[in-house]
Amino acid sequence: MSIILKNISKRFGTYAALHDVSLEARDGEFLALLGPSGSGKTTLLRIIAGLEFPDEGRVFFGDEDVTDLKAAARRVGFVFQQYALFKHMTVAENVAFGLNVRKRRDRPPTAEIKRRVEELLDLVQLGGRGDRYPAQLSGGQRQRIALARALAVEPRLLLLDEPFGALDAKVRKELRRWLRTLHDSMGVTSVFVTHDQDEALELADRVVVMDYGRIEQVARPRTIYDRPENAFVYDFVGDSNRLPVEVVAERGSFAGRPLAVVLDGASDGPANLWFRPHEVRLTENPDGALEGRVTLILPRAGTLRVEAEVDGIDRPVELDLPLDAPVKIGDVIRFVPTEPRMFPKAD
């Protein structure tokens, strides 16, 4: 089932959380809402769930207008960051909760609920643990139980709000791969909120990048990284360096010195030139190169992350160099961006 949002706006007092947001999550898609704190991603998710209501705009599930429906009537599964499991209930009772609290006429028979719970525990790889209590499980296992509980009511849509935020890095990585596999096997349309770019790029079919209550870009993960539409997306998704330049005839100059880069299609005037840490080459030739003093060297997986102070830039430039690169703290190095991107300076 698709989710269609049309011109959604939401305010909390004087604070505008969402500004005229329109978006579609396609049937069976795994969509990520990515952005910094305060970007509006959780508010948007709660509006889809029926936990908040828009001041303006409409929400559709397929062809059905659900804008005014309460959460219970929307039949969505919602997974929170903090699990929200009932400590006094066993694992099985937690999973069955959404079924047991239904009105009698809508409640499945006891035997059917038991069968459904066992099936879901197997699905989330926790079969045989139904008689345990949440306190007896690890954080990753508790989050799987929370997901099983959300799936027990056979939701039309699955919504996840920072589902792995409370877990350590290793468990997060394991769970997000497992969740992607689970999604593919079930095919239910899913929307999840995250501020973790790696999580969004690894899990999602498409990524929605948000900032200050607006959508900055919607695209497949590779497109978001390789072809960002503006400076915010470039800076937020992936490591980046920013260089203030002056453009004349598609050539950039920094601090009065021309750079050995061509900025195709760039308009004359002040701009920001951006480049990734791995998109540089060292050079001995000072013509057209940037010059910086090495202040930090950090070995990483297969590379050296080098930070260098460049006069005229307000933050260190980050470079990814080969492990055998001949650099040490205090060295002055010259480098040239190999894949620069140019965006106009913000007003």
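Note that the structure is predicted; figures quoted are calculated from it, not measured.
- Taking the six-membered ring for Trp and thresholds of 30 and 60 degrees, Phe97 and Phe86 have ring planes inclined between 30 and 60 degrees apart.
- Taking both residues in full, the closest heavy atoms of Pro54 and Ile47 are given as CD-CG2, 3.9 Å, listed atom of the first, atom of the second, then distance.
- How far CG of Leu126 is from CD of Glu118: 13.5 Å, rounded to the nearest 0.5 Å.
- In summary, Asp184 and Arg177 do not engage in a salt bridge, as defined by a charged side-chain N under 4.0 Å from a carboxylate O.
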Chi angles and distances behind the side chain to side chain contact (heavy atoms under 4.5 Å, CB included) call for Ile224, Val218: CA-CA 8 Å; Ile224 290 286; Val218 184; over 6 Å; no
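- Annotation for Phe60: atom CZ counts as buried by contact number, over 12 foreign heavy atoms lying within 6.0 Å.
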From CA spacing to verdict: side chain to side chain contact (heavy atoms under 4.5 Å, CB included), Arg281, Thr283: CA-CA 6 Å; Arg281 63 177 174 84; Thr283 180; 3.9 Å; yes
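- The local environment of CZ in Arg107 is crowded, with over 12 non-hydrogen atoms from other residues, nucleotides or ligands closer than 6.0 Å.
- Leu259 and Ile313 fall within the same hydrophobic cluster, defined by Ile, Leu, Val, Met, Phe, Trp and Tyr side-chain heavy atoms under 4.5 Å apart, directly or through other members.
- With contacts defined as side-chain heavy-atom distances shorter than 4.5 Å, the pair Leu33/Leu44 qualifies.
- With hydrogens and angles ignored, the 3.5 Å screen pairs no side-chain donor or acceptor of Asn241 with any backbone N or O of Trp274.
- Hydrophobic clustering (side-chain heavy atoms under 4.5 Å, transitive across Ile, Leu, Val, Met, Phe, Trp, Tyr) groups Leu319 together with Val310.
- Counting only N and O atoms by type, the side chains of Asp65 and Thr67 include a donor and acceptor under 3.5 Å apart.
- Side-chain contact between Ser190 and His183 is present, with heavy atoms from C-beta onward closer than 4.5 Å.
- Cluster annotation: Leu34 and Ile215 are assigned to distinct hydrophobic clusters (Ile/Leu/Val/Met/Phe/Trp/Tyr, side-chain heavy-atom contacts under 4.5 Å, transitive).
- Within the 3.5 Å criterion, the main-chain N or O of Asp20 finds no donor-acceptor partner in the side chain of Asn7.
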Verdict with reasoning, Arg176 to Asp196, per side chain to side chain contact (heavy atoms under 4.5 Å, CB included): CA-CA 12 Å; Arg176 67 193 190 210; Asp196 185 325; 4.2 Å; yes
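- Taking NE2 of His19 as the start and CZ of Arg214 as the end, the distance is 4.5 Å to the nearest 0.5 Å.
- Of all heavy-atom pairs spanning Ser240 and Pro277, the tightest one is N-CD, 4.1 Å.
- Heavy atoms only, all atoms of each residue included: Gly127 and Asp122 are closest at CA-OD1, 3.4 Å.
- Remark: Asp205 engages Arg180 in a salt bridge, criterion side-chain N to carboxylate O under 4.0 Å.
- Note that the CG atom of Asp161 and the OG1 atom of Thr42 stand 4.0 Å from one another [nearest 0.5 Å].
- Of the possible polar contacts, none joining the Gln143 side chain to the Gly140 backbone as a donor-acceptor pair under 3.5 Å is found.
- Panel note: side chain Thr303, backbone Leu321; no donor-acceptor pair is recorded below 3.5 Å.
- Looking only at side-chain heavy atoms (C-beta outward), Tyr133 and Leu85 stay at 4.5 Å or farther from each other.
- Applying the salt bridge (charged side-chain N to carboxylate O under 4.0 Å, His left out) test between Glu64 and each of Arg74, Arg58, Arg75, Arg156 identifies Arg156 as the sole match.
- Of the charged side-chain nitrogens involved, none lies within less than 4.0 Å of a carboxylate oxygen, so that Glu112 and Arg116 do not count as a salt-bridged pair.
- Judged by distance alone, with hydrogens and angles left aside, the side-chain atoms of Gln217 form no donor-acceptor pair with the main-chain N or O of Val208 at under 3.5 Å.
- Annotation: cation-pi geometry satisfied between Arg276 and Tyr234 (NZ/CZ under 6.0 angstrom from ring centroid, within 45° of ring axis).
- The backbone N or O of Thr14 lies less than 3.5 Å from a partner atom in the side chain of Arg11, making a donor-acceptor pair.
- Contact check for Glu24 versus Glu29: no side-chain heavy atoms found under the 4.5 Å cut-off.
- The two residues Val245 and Leu273 come nearest to each other via the heavy atoms CG1-CB, 4.0 Å.
- A distance-only check finds no donor-acceptor pair linking the side chain of Lys10 to the backbone of Thr43 [under 3.5 Å].
- Minimum heavy-atom separation, Leu304 to Ala325: CD1-O, 4.4 Å.
- Atoms CD and CG, from Glu318 and Leu298 in turn, are 9.0 Å apart once rounded to the nearest 0.5 Å.
- To the nearest 0.5 angstrom, Ile3 atom CD1 is 8.0 Å from Leu31 atom CG.
- Using a 4.5 Å heavy-atom threshold, the side chains of Leu160 and Leu147 count as touching.
- A side-chain donor-acceptor contact under 3.5 Å links Glu216 and Asn230.
- Note on ring orientation: taking the six-membered ring where Trp is involved, the planes of Tyr225 and His278 are parallel (angle under 30°, cut-offs 30° and 60°).
- Two different hydrophobic clusters hold Phe53 and Leu18 under the rule that ILVMFWY side chains link at heavy-atom gaps under 4.5 Å.
- The number of heavy-atom neighbours closer than 6.0 Å to CG of Asn285, taken from other residues, nucleotides and ligands shown, is above 12.
- Ser9 and Asp55 are not linked by any side-chain donor-acceptor pair at a separation below 3.5 angstrom, with hydrogens and angles left out of the test.
- Side chain of Arg293 to main chain of Val332: no donor-acceptor pair is present (N/O by atom type, distance under 3.5 Å, no hydrogens or angles).
- Both Ile297 and Leu290 are assigned to one and the same hydrophobic cluster, defined by single-linkage of ILVMFWY side chains at heavy-atom distances under 4.5 Å.
- Inter-residue side-chain proximity for Asp211 and Pro36 is flagged as met; some heavy-atom pair is nearer than 4.5 Å.
- Between Arg242 and Asp314 there is a salt bridge, since a side-chain N of the basic residue sits under 4.0 Å from a carboxylate O of the acidic one.
- Among the candidates Leu175, Leu179, Leu137, the single residue satisfying the side-chain contact (heavy atoms from CB on, under 4.5 Å) test with Arg144 is Leu175.
- Using a distance-only test at 3.5 Å, with no hydrogens or angles considered, a donor-acceptor pair links the side chain of Arg341 to the main chain of Pro228.
- With a 4.5 Å cut-off on side-chain heavy atoms, Leu51 and Phe78 count as touching.
- Counting only N and O atoms by type, the side chains of Asp131 and Thr90 include no donor and acceptor under 3.5 Å apart.
- A donor and an acceptor atom, one from each side chain of Thr194 and Glu199, are located under 3.5 Å apart.
- Screening Val191, Val79, Leu182 for a side-chain contact (heavy atoms from CB on, under 4.5 Å) with Leu158, the sole residue that qualifies is Val79.
- Rounding to the nearest 0.5 angstrom, the gap separating the CD atom in Glu52 from the CZ atom in Arg46 is 5.0 Å.
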Step-by-step side chain to side chain contact (heavy atoms under 4.5 Å, CB included) determination, Phe232 to Val209: CA-CA 9 Å; Phe232 172 78; Val209 183; 3.7 Å; yes
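- The environment of Glu309 atom CD is sparse: at most 12 non-hydrogen atoms of other residues, nucleotides or ligands sit within 6.0 angstrom.
- Here the two rings, on Phe30 and Phe192, have centers that are under 6.0 Å apart.
- Contact check for Glu291 versus Pro286: no side-chain heavy atoms found under the 4.5 Å cut-off.
- What you find for Pro155 and Val188 is that their closest heavy atoms are O-CG2, 4.0 Å.
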